[in-house]
**Q** 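Could you have a look at this structure, given as structure tokens, before my questions?
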Amino acid sequence: MENSEEKDQINDFIRQIIKEDLKENKNDGKVHTRFPPEPNGYLHIGHAQAIWLNFGLAEEFNGKCNLRFDDTNPEKEEVEYVDSIMEDIKWLGYDWDIRLYYASDYFEQLYNFAVELIKKGKAYVDSLTPDEIKEYRGTPTEPGKESPYRDRTVEENLDLFERMRAWEFEEGKHLLRAKIDMASPNMNLRDPAIYRIRKVHHHRTGDEWCIYPMYDFAHGQSDALEGITHSICTLEFENHRPLYDWFLDNLSVPCHPQQIEFARLNINYTVMSKRKLLTLVDNNVVSGWDDPRMPTLSGFRRRGYTPEAIKNFVERAGIAKRESIIDIALLEHSIREDLNKKTQRVMTVLNPIKVIFDNYPEDKTEELDAVNNPEDEKMGKRKITFSKEIYIEREDFMEDPPKKFFRLSPGNEVRLRYAYIIKCVSVINDENTGEVKEIHCTYDHETRSGMPQSKRKVKGTIHWISVNNSIEAEIRLYDRLFTVEEPTKDKEKDFIDFVNPDSLKILTNCKVEPWLKNAKALDKFQFERRGYFCLDSKDSSSEKLVFNRTVPLRDTWAKIAKKQ
RNA sequence: UGCCGGGUCGUCUAAUGGCAGGACUACGCCCUUUGAAGGCGUCUGUAGAGGUUCAAAUCCUCUCCCGGCAGCCA
């Protein structure tokens, strides 16, 4: 209920257009959108916004949304990408039902549309070389000039185009072009290419075709064939809209969809183009498209992000026409908010140092109650073991603490979460390095959680884990992939130069609660006082547990310490 | 500088001639057996100059700034 009320409040300019169309009963009051990825890379979080928009609009206005692969360029497209794209959309929670299409499904119809254009005298086969075509096109400030082949007869064009299809010509020898206006101030209308010869194997049509339609010729007609009402795309296609409309106006198509453009999603400290992400993969800067540092959906999934958090984020980022860069802090807020409500808490020590209680019996152990999730009582409680020797985080102890350090230090007390109040009595340092090796404490036996004395005010509470009741794990800490907000802004340097060398830190000697050995891939937890973590889906095994840090908890102390 | 588009708190985003609001961030306080979460509060904005109007972020004029476009990519 609450959710739908919230949804009703979204009123971006696209929704306003749709509501207006509905009011006028345009398209018989129907809304039909489509998500049209090119299978030449993995989906990133920018695509998630487009998916959320297109599928969300369909849900909101009782319409439908198609999935259509825009596979008109066989040189870059692969089945691997098709599969990953479908997996990612499903993961986000959307369903195209039976409406799975490929632009390549329409190759025959698109060919016929091209023939129709030729017959109407509105398309011609050009035989200029690629270089000549470029030269003839002019520049943004100067008009182009017409190709000498522009006035070929309909019969000649038909014959040539048929022979192009019949594998008679070499790549680049001929090109089918729309006959529009070589002097148009809009470069897209200067006789744009419609069909080019490419003797390349296509991932779906195999070697059936050697001519392939250009994006501009395929997209609008595919939209029309599917009965799309609102064809939503990003800003860089705004200049193509007159061409989109020109084709639909000059062909016998079943309907004329409306193209609407919005600004693509950008986030600081990362990059968001498939080409650049591919570069990171190819140069082994990351381990693959699903490296947890990647802004791909598969990367976020492996990192421990949830579809809910991603959808909340793209909704909060909003839909508009002005170009913007969203602060990564908004994304982090969204995932913390979701995981806080959902995750089981667990005691872990990432960087252990041993604490020994001088006044605790050698062989004694105690089972103590720990809350699984303070945000959700239904998640219940579990037992944790206390004993003479425990580990705490190295950073929770300081021999010479600054002001406002509320943790353990010589002569001072601290509370052990769910256990006792303890006091540091002595410290053993490493003979060579001087580093703290072992901390000796006394525990106050009247302060066990729940006892009256446990109400005593102690400023700090730290987490811990029993030496004999913990298992080892590897924990991978991820940070932002780049050191600067806009890695692609610098004109002198390559964006790769700004990769954060500390974007991945691997901790190998971490201690976690023993039951975690039963965790399944992608299971999510809050490691108390540290952050949200999930079991890695590729490298973790029963012999070696591997956890990925999704996002750290907010850390007020880190800010205070930094100021001091 | 041809054409197209865009400029509202630090960052996003609303207000569609009628009180510039929300979220994130930052900061402060409260609460706290997670320095988390939560609660309360504070700061900060209509690119500039004119004009129309009782009233302008919104309409008009001029200026400035920022993107996109010269693939047989999408």
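Since the structure is predicted, the reported quantities are computational estimates derived from the model, not experimental observations. Order of the sequence lines sets the chain letters (A, B, ...), proteins ahead of strands, with each chain counted from 1.
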**Q** Could you tell me which nucleotide pairs with B:rA74 by Watson-Crick or G-U wobble geometry, both distances under 3.5 Å, or answer none if nothing does?
**A**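 Per the H-bond distance test, none.
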**Q** Does A:R322 have a side-chain nitrogen or oxygen under 4.0 Å from the phosphate oxygens OP1 or OP2 of B:rG67?
**A**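 No, no such contact exists.
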**Q** Please measure how far the C1' atom in B:rG17 lies from the corresponding atom in B:rC60, and state the result in whole Å.
**A**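 Approximately 13 Å lies between the C1' atom of B:rG17 and that of B:rC60.
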**Q** Select base, sugar-phosphate, or nothing to describe what A:I326 touches, counting heavy atoms under 4.0 Å on all strands.
**A**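 If one applies the 4.0 Å heavy-atom cut-off, A:I326 turns out to touch the sugar-phosphate alone, with no base involved.
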**Q** State whether A:D396 and A:R529 are salt-bridged, where the test is any N-O pair (Lys NZ or Arg NE/NH1/NH2 against Asp/Glu carboxylate O) under 4.0 Å.
**A**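 Yes, this pair counts.
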**Q** With a 4.0 Å cutoff (strictly under), does any side-chain N or O of A:T556 reach OP1 or OP2 of B:rA36?
**A**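 Result: yes.
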**Q** Starting at the 5' end of RNA chain B, which residue's closest nucleotide do you reach first, A:N73 or A:L235?
**A**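 Going by which nucleotide is closer to the 5' end, it is A:L235.
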**Q** Classify the glycosidic conformation of B:rG5 as syn or anti, calling it syn when the angle lies within 90° of 0.
**A**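 Anti conformation here, the glycosidic angle of B:rG5 being more than 90° from 0.
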**Q** Ignoring backbone atoms, establish whether A:R345 has a side-chain N or O less than 4.0 Å from OP1 or OP2 of B:rA37.
**A**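 No.
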**Q** Return the nucleotide paired to B:rU46: Watson-Crick means purine N1 to pyrimidine N3 with N6-O4 or O6-N4, wobble means G-U with N1-O2 and O6-N3, both under 3.5 Å.
**A**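 Answer to the pairing question: none, since B:rU46 forms no Watson-Crick or G-U pair.
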**Q** Taking the six-membered ring of A:Y124 (Phe, Tyr or Trp), confirm whether the NZ or CZ of A:R152 is under 6.0 Å from its centre and within 45° of its axis.
**A**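 No, A:R152 does not sit over the ring of A:Y124.
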**Q** Just call it for A:K274: base, sugar-phosphate, or nothing, with non-hydrogen atoms closer than 4.0 Å on any strand.
**A**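 Touches nothing.
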**Q** Is A:R407 side chain donor-acceptor paired with the B:rG35 base, going by distance under 3.5 Å alone?
**A**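 Per atom types, the contact qualifies.
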**Q** Looking only at atom C1', what distance separates B:rG45 and B:rC24, rounded to whole Å?
**A**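 About 16 Å, rounded to a whole number of Å.
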**Q** Write down the partner of B:rU53 under the Watson-Crick or G-U wobble criteria, each distance required to be under 3.5 Å.
**A**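 Pair assignment: B:rU53 / none.
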**Q** Under 4.0 Å, counting only non-hydrogen atoms across every strand here, what does A:I325 touch: a base, just sugar-phosphate, or nothing?
**A**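 Touches sugar-phosphate only.
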**Q** Whether A:R68 engages the ring of A:Y102 as a cation-pi pair (distance to the six-membered ring centre under 6.0 angstrom, angle to the ring normal within 45°) should be assessed.
**A**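 No, A:R68 does not sit over the ring of A:Y102.
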**Q** Report yes if at least one side-chain N or O of A:K559 is closer than 4.0 Å to OP1 or OP2 of B:rA26; otherwise report no.
**A**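 For B:rA26, OP1 or OP2 has a side-chain N or O of A:K559 closer than 4.0 Å.
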**Q** Toward the 5' end of RNA chain B, which comes first, A:P185 or A:E77, by nearest nucleotide?
**A**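 Comparing both residues, the 5'-ward one is A:P185.
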**Q** Examine B:rA74: is either OP1 or OP2 under 4.0 Å from a nitrogen or oxygen in the side chain of A:T72? Give yes or no.
**A**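 Checking A:T72 against B:rA74: at least one side-chain N or O falls below 4.0 Å of OP1 or OP2.
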**Q** Counting the atoms with a prime plus P, OP1 and OP2 as sugar-phosphate, which does A:F237 contact under 4.0 Å by heavy atoms, base, sugar-phosphate, or nothing?
**A**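 Base contact.
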**Q** Would you say A:T348 and A:E528 make side-chain contact, with heavy atoms under 4.5 Å?
**A**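 Not in contact.
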**Q** Give a yes or no on whether a donor-acceptor pair under 3.5 Å exists between the nucleobase atoms of B:rA74, that is its base, and the side chain of A:H240.
**A**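 Indeed, a donor on one side and an acceptor on the other fall under 3.5 Å apart.
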**Q** Does B:rA23 have a Watson-Crick or wobble partner in any strand here, with both distances under 3.5 angstrom, and which is it?
**A**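 Across any shown strand, B:rA23 pairs with B:rU11.
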**Q** Does A:G41 reach a base, just sugar-phosphate, or nothing at all? Heavy atoms under 4.0 Å.
**A**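 Touches nothing.
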**Q** Does a side-chain N-to-carboxylate-O contact under 4.0 Å join A:K383 and A:D369?
**A**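 Result for this pair is yes, salt bridge flagged.
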**Q** How would you label the contact of A:L368 with the nucleic acid (heavy atoms, under 4.0 Å): base, sugar-phosphate, or nothing?
**A**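 Since no nucleic acid heavy atom lies under 4.0 Å of A:L368, the category is nothing.
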**Q** Nearest whole Å is fine: how far is B:rA37 C1' from A:E377 CD?
**A**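 Roughly 16 Å, once rounded to whole Å.
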**Q** Counting only side-chain nitrogens and oxygens, does A:R529 get under 4.0 Å of the OP1 or OP2 atom of B:rU32?
**A**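 False: A:R529 side-chain N/O out of range (4.0 Å or more) of B:rU32 OP1/OP2.
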**Q** Between A:R415 and B:rU32, does any side-chain N or O lie under 4.0 Å from OP1 or OP2?
**A**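 Looking at the OP1 and OP2 atoms of B:rU32, neither is under 4.0 Å from any side-chain N or O of A:R415.
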**Q** Hey, is A:D105 close enough to A:R204 for a salt bridge, meaning N to O under 4.0 Å?
**A**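 The answer is yes: the pair qualifies as a salt bridge.
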**Q** Any base atoms under 4.0 Å from A:F405, or only sugar-phosphate, or nothing? Heavy atoms, all strands.
**A**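 The answer is base, as A:F405 lies within the cut-off (heavy atoms under 4.0 Å) of a base atom.
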**Q** Using a 4.0 Å heavy-atom cut-off across all strands, classify A:R241 as base, sugar-phosphate, or nothing.
**A**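 Result for A:R241 = nothing.
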**Q** Would one find a side-chain N or O of A:Q16 under 4.0 angstrom from OP1 or OP2 of B:rA15?
**A**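 For B:rA15, OP1 or OP2 has a side-chain N or O of A:Q16 closer than 4.0 Å.
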**Q** Between B:rU34 and A:H463, is there an OP1 or OP2 to side-chain N/O distance shorter than 4.0 Å?
**A**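 Answer is no, no contact under 4.0 Å.
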**Q** Between A:R196 and B:rA74, is there a contact of a side-chain N or O with OP1 or OP2 at under 4.0 Å?
**A**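 Yes, such a contact exists.
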**Q** Contact class for A:I319 vs. all strands (heavy atom < 4.0 Å): base, sugar-phosphate, or nothing?
**A**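 Since only primed, P, OP1 and OP2 atoms lie under 4.0 Å of A:I319, the category is sugar-phosphate.
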**Q** I want to check something: taking the side chain as every heavy atom from C-beta on, are A:F405 and A:N412 in contact at a cut-off of under 4.5 Å?
**A**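 They are not in side-chain contact.
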**Q** Check every strand shown and say whether A:P374 touches a base, only sugar-phosphate, or nothing at a heavy-atom separation below 4.0 Å.
**A**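 Base: the residue A:P374, judged by heavy atoms under 4.0 Å, touches a nucleobase.
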**Q** Taking only N and O in the side chain of A:T461, is any of them less than 4.0 Å away from OP1 or OP2 of B:rU32?
**A**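 False: A:T461 side-chain N/O out of range (4.0 Å or more) of B:rU32 OP1/OP2.
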**Q** Does NZ or CZ of A:R415 lie under 6.0 Å from the centre of the six-membered ring of A:Y420, at an angle within 45° of the ring axis?
**A**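 A:R415 over A:Y420 ring: no.
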**Q** Among B:rU33, B:rC12, B:rU34, which nucleotide has an atom closest to any side-chain atom of A:S324?
**A**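 For A:S324, the side-chain atoms sit closest to B:rC12.
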**Q** Of the nucleotides B:rA74, B:rA26, B:rU33, which has the atom closest to the A:M214 side chain?
**A**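 So the nucleotide nearest the side chain must be B:rA74.
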**Q** Just compare B:rC4, B:rA36, B:rA14 and give me whichever is closest to any side-chain atom of A:E238.
**A**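 Comparing B:rC4, B:rA36, B:rA14 against the side chain of A:E238, the answer is B:rC4.
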